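Keep in mind the model is a prediction, meaning the values are calculated, not measured. One-based numbering, in listed order, for ligands and for the atoms of each.
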Amino acid sequence: MDKILATGGAGYIGSILTKQLLDAGHSVRVLDCLFFGDSGIKQFHKNENFELINGRIENPEAAKKAVKGCSAVLHLAGLANDASCDISEEKTRLINYEGTKLLLKYAKSAGVQRFIYGSSASIYGAGKNISLTESSPLSPVSLYAKYRIRCEEALFDAASKDFTVCALRKSTVFGYSPRQRLDLVINAMSAHAFNRHEITQMGGSQWRPNLHVSDAANAYITCLRADKDAIHKQVFNVGSNSENYTVGQIAQMIADEFPNTKIVHKEVANSASYNLNFDKIGRTLGYKAKVSVKEGIAELKNALNNNLIPAYENNIYYNAKRMLDLQKEGAF
Ligand SMILES: NC(=O)c1ccc[n+]([C@@H]2O[C@H](COP(=O)([O-])OP(=O)(O)OC[C@H]3O[C@@H](n4cnc5c(N)ncnc54)[C@H](O)[C@@H]3O)[C@@H](O)[C@H]2O)c1
C-alpha cells in the first residue's frame, strides 16, 4: 500500500489514527514536533511500517521531506484549541495557517493525490439555529476558529483535478487516547468527577456536538478510501445527530456515571454554541460514528480506575498550559 503522511500523528486524535492506519496495513509517516511527548506513538517505533519525522510543519525542509513519496496527507498538526491560539496570534498564523499552506504547496508539487484537512465544528461559533449543515453561515468566536476558516479557503484554492482535497469539521472529541487530553469538555469533567468529586459547569445551555476519538480517526480513513469525486472540494461535519448535547446535559451525564459528584455552575460570556447536522457524511460516504457519549464516559471511568490517566493535573494534558511551559523554555 502507499505511504500516508499524518501530520500531528502523535497527538490525541493522531495517535489513534496512526494505529488505525497501521492496523489497516498502511505505511505511515508522522510529522510531529512532539509538543506533548511521544506517549501516543512510542508503541510503534519498532514497527517497520512506521516512520516519525520529528519536525515542524511550518519548517520548509521538514514539510518537503515529509510529503515526499506519500499518496495522501491527513493534516492534524497545529495549535488545537482556542486557549493555545490566544497565547499568540502571530504563532497561530505561522503554525496553523502558513504551516498548512506550506504543506499544501509541497504536497501538490510532490504529486500527493489527496489532502484531508482536519477542520473543526467550532467554526460555526455562535450558531443561530440547531441542526446546522455544511452550508449554514459560519460565525467564529475565536482566533482558532477564524484561522480554521482561512485554512479551509487555502485548501480549496489548492484543489485541482489531480489534487483531491476535503475538510472534516470535527465535533468536540472525547474518550481515551494514549496521548490524553483533559482540556476537552467530556474528558475534563470526567477527570474532575473522578478525582475531585466536583465538576465546574461553564454556562450550560450552549450546544456541543460530540465525537469519540476513534470515530474522529475513522473519518480520515473513510475519506482516504472514498471515491475521489465523492470528497473533492467537499466539507463534511463529522459526528452524529444523536450526540449533540448542551453543556448542562453533559455535566448531568457525567454526574450520573460518577456518583456523589457535585455540579458547580459558573457563568460564561459570549460562549460559542453549535448543534450540528451530520446527514451529509452519512449519505455521501456511508460514515457512521459508533461510540456514544454515554459509552465514552464509561470508557474514561474505566481508564481512570485503571490509573491510565495518572496525575490528572499535569500540564501535559492541557494544551494551553503545556504551550505556556514550552514558551518559558523557549521551545514555542
Ligand atoms: N480534539 C478535538 O476536539 C478537535 C475537534 C475539532 C478539530 N480538532 C483538530 O484536530 C487536530 C488534532 O487535534 P488533537 O485533539 O489531536 O490535538 P493535539 O494537540 O493532541 O494534537 C496536535 C499534534 O500536532 C502536533 N503539532 C502542533 N504544532 C505542530 C507543528 N507546528 N509542527 C508539527 N507538529 C505540530 C503536536 O505535537 C500534537 O502531537 C487539530 O488540528 C485540532 O485543531 C480537534
- Determine, for Phe236 and Lys280, whether the Lys NZ or Arg CZ falls below 6.0 Å from the six-membered ring centre while staying within 45 degrees of the axis. yes
- Task: State whether Phe115 and Lys108 meet the cation-pi test: NZ (Lys) or CZ (Arg) under 6.0 Å from the six-membered ring centroid, and within 45° of the perpendicular axis.
- Result: no
Would you tell me whether [X] and [Y] have side-chain atoms, one donor and one acceptor, within less than 3.5 Å of each other?
X      : Y      : result
Tyr12  : Asn187 : yes
Glu295 : Ser292 : yes
Asn237 : Asn277 : no

- What does the list of residues with a heavy atom under 4.0 Å from ligand 1 look like, ordered by chain and number? Gly8, Ala10, Gly11, Tyr12, Ile13, Asp32, Cys33, Leu34, Phe35, Phe36, Gly55, Arg56, Ile57, Glu58, Leu76, Ala77, Gly78, Ala80, Ile95, Ser119, Ser120, Tyr144, Arg148, Lys170, Ser171, Thr172, Val173, Arg179, Arg181, Leu184, Asn319
- Phe50 vs Phe44, ring pair (Phe, Tyr, Trp, His ring centres under 6.0 Å): CA-CA, chis, key distance, verdict: CA-CA 6 Å; Phe50 174 78; Phe44 309 128; 5.7 Å; yes
